[in-house]
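All residue numbers in this chain count up from 1 along the given sequence.
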Amino acid sequence: QLQPVESGGGLVQTGGSLRLSCARSGRDLRLPGMGWFRQAPGKEREFVAALSWSDNTYYADSVKGRFTISRDDAKNTVYLQMNSLKPEDTAVYFCASATRTPSTYKDSSEYTYWGQGTQVTVSS
């Protein structure tokens, strides 16, 4: 199973928190890169956060200081902790895996395997 599986989405009020999980099965190794992207209705998919093999982190300016990407190697899972959520964070969130070391970590074309997405809705 090469496709990651996202979970943890839901409905939360402005200022609340959610933690998304991205689970991978079939191997117990780190990939060159893991990323989170999101897409709102009528908008293009955009970069949110990424994590390199060596634990470098990358964030979109819109989420920096509010979101944190991390991993638990024992559980073969990557997380996206989202705090101080805003209505503009409402989107379907996708986890993606890169099989080759990305150049920027911020371009969706650098990722090979994508999850099905999990809905995050932030109400006013």
Side-chain angles (χ1 to χ4, degrees):
Q1 177 67 267
L2 299 177
Q3 183 180 20
V5 179
E6 307 98 332
S7 63
L11 175 64
V12 65
Q13 292 188 16
T14 298
S17 298
L18 286 172
R19 188 180 72 164
L20 306 184
S21 298
C22 174
R24 296 171 16 251
S25 62
R27 61 191 310 213
D28 194 24
L29 297 171
R30 291 187 179 190
L31 290 170
M34 296 293 299
W36 287 96
F37 293 76
R38 67 187 182 187
Q39 187 168 24
K43 298 183 66 176
E44 190 173 271
R45 184 174 297 183
E46 66 176 355
F47 167 77
V48 177
L51 184 67
S52 77
W53 181 90
S54 55
D55 289 326
N56 290 324
T57 57
Y58 307 83
Y59 296 98
D61 289 341
S62 59
V63 307
K64 194 172 296 182
R66 300 188 298 120
F67 291 10
T68 303
I69 187 170
S70 63
R71 62 159 53 92
D72 185 338
D73 287 331
K75 298 180 179 179
N76 203 24
T77 299
V78 174
Y79 302 98
L80 183 68
Q81 178 67 46
M82 305 186 295
N83 298 327
S84 302
L85 283 162
K86 307 173 181 179
E88 50 262 47
D89 295 318
T90 295
V92 176
Y93 283 70
F94 298 89
C95 179
S97 304
T99 56
R100 306 178 75 174
T101 301
S103 295
T104 71
Y105 291 90
K106 302 179 180 181
D107 191 332
S108 62
S109 68
E110 297 180 313
Y111 296 84
T112 303
Y113 301 107
W114 292 79
Q116 79 289 343
T118 185
Q119 177 70 48
V120 171
T121 303
V122 185
S123 63
S124 301

Closest non-hydrogen atoms of M34 and V78, given as atom of the first, atom of the second and distance, are CG-CG2, 3.9 Å

> So, are K86 and D89 salt-bridged, with charged N and O less than 4.0 Å apart?
Replying inline: no

message: Please say yes or no: joined through hydrophobic side-chain contacts below 4.5 Å, possibly via intermediate residues, are V92 and V12 part of one cluster?
response: no

Please check: side-chain N/O of D72 versus main-chain N/O of T77, any donor-acceptor pairing under 3.5 Å? no

Residue pairs passing the disulfide bond (SG atoms under 2.5 Å apart) test with at least one member in residues 30-91, sequence neighbours excluded, are none

For L31 and S97 the tightest heavy-atom approach is CD1-CB, 3.4 Å

Of all heavy-atom pairs linking Q116 and Q3, the shortest is N-NE2, 3.9 Å

Applied to residues 75-124, the disulfide bond (SG atoms under 2.5 Å apart) test, sequence neighbours excluded, yields C22-C95

Item to complete: Using the rule that two of Ile, Leu, Val, Met, Phe, Trp, Tyr join whenever any of their side-chain heavy atoms come within less than 4.5 Å, decide whether F94 and L20 are in one cluster.
Response: no

Value for CG (L18) from CD (Q81), rounded to nearest 0.5 Å, stands at 8.5 Å

Query raised in the report: So if you build clusters from Ile, Leu, Val, Met, Phe, Trp, Tyr with side-chain heavy-atom gaps below 4.5 Å, do M82 and L51 land together?
Result: yes

**Prompt:** For E44, does the CD atom sit with more than 12 other heavy atoms under 6.0 Å from it, leaving out its own atoms?
**Reply:** no

CZ (R100) and OH (Y111) are apart, to the nearest 0.5 Å, by 14.5 Å

Of all heavy-atom pairs linking S124 and P87, the shortest is OG-CG, 3.7 Å

The ring-ring contact (aromatic ring centres under 6.0 Å, His included) partners of F47 (sequence neighbours excluded) come to F37

Closest non-hydrogen atoms of S103 and E110, given as atom of the first, atom of the second and distance, are N-OE2, 2.8 Å

Side chain to side chain donor-acceptor pair (under 3.5 Å) filter on T57, not counting sequence neighbours, yields none

Quick note, ring pair (Phe, Tyr, Trp, His ring centres under 6.0 Å) partners involving residues 50-88, not counting sequence neighbours, are Y58-Y105

Scanning both residues in full, the closest heavy-atom pair of R38 with A91 reads CB-CB, 3.8 Å

By side-chain contact (heavy atoms from CB on, under 4.5 Å), T121 pairs with (sequence neighbours left out) L11, T90, Q119

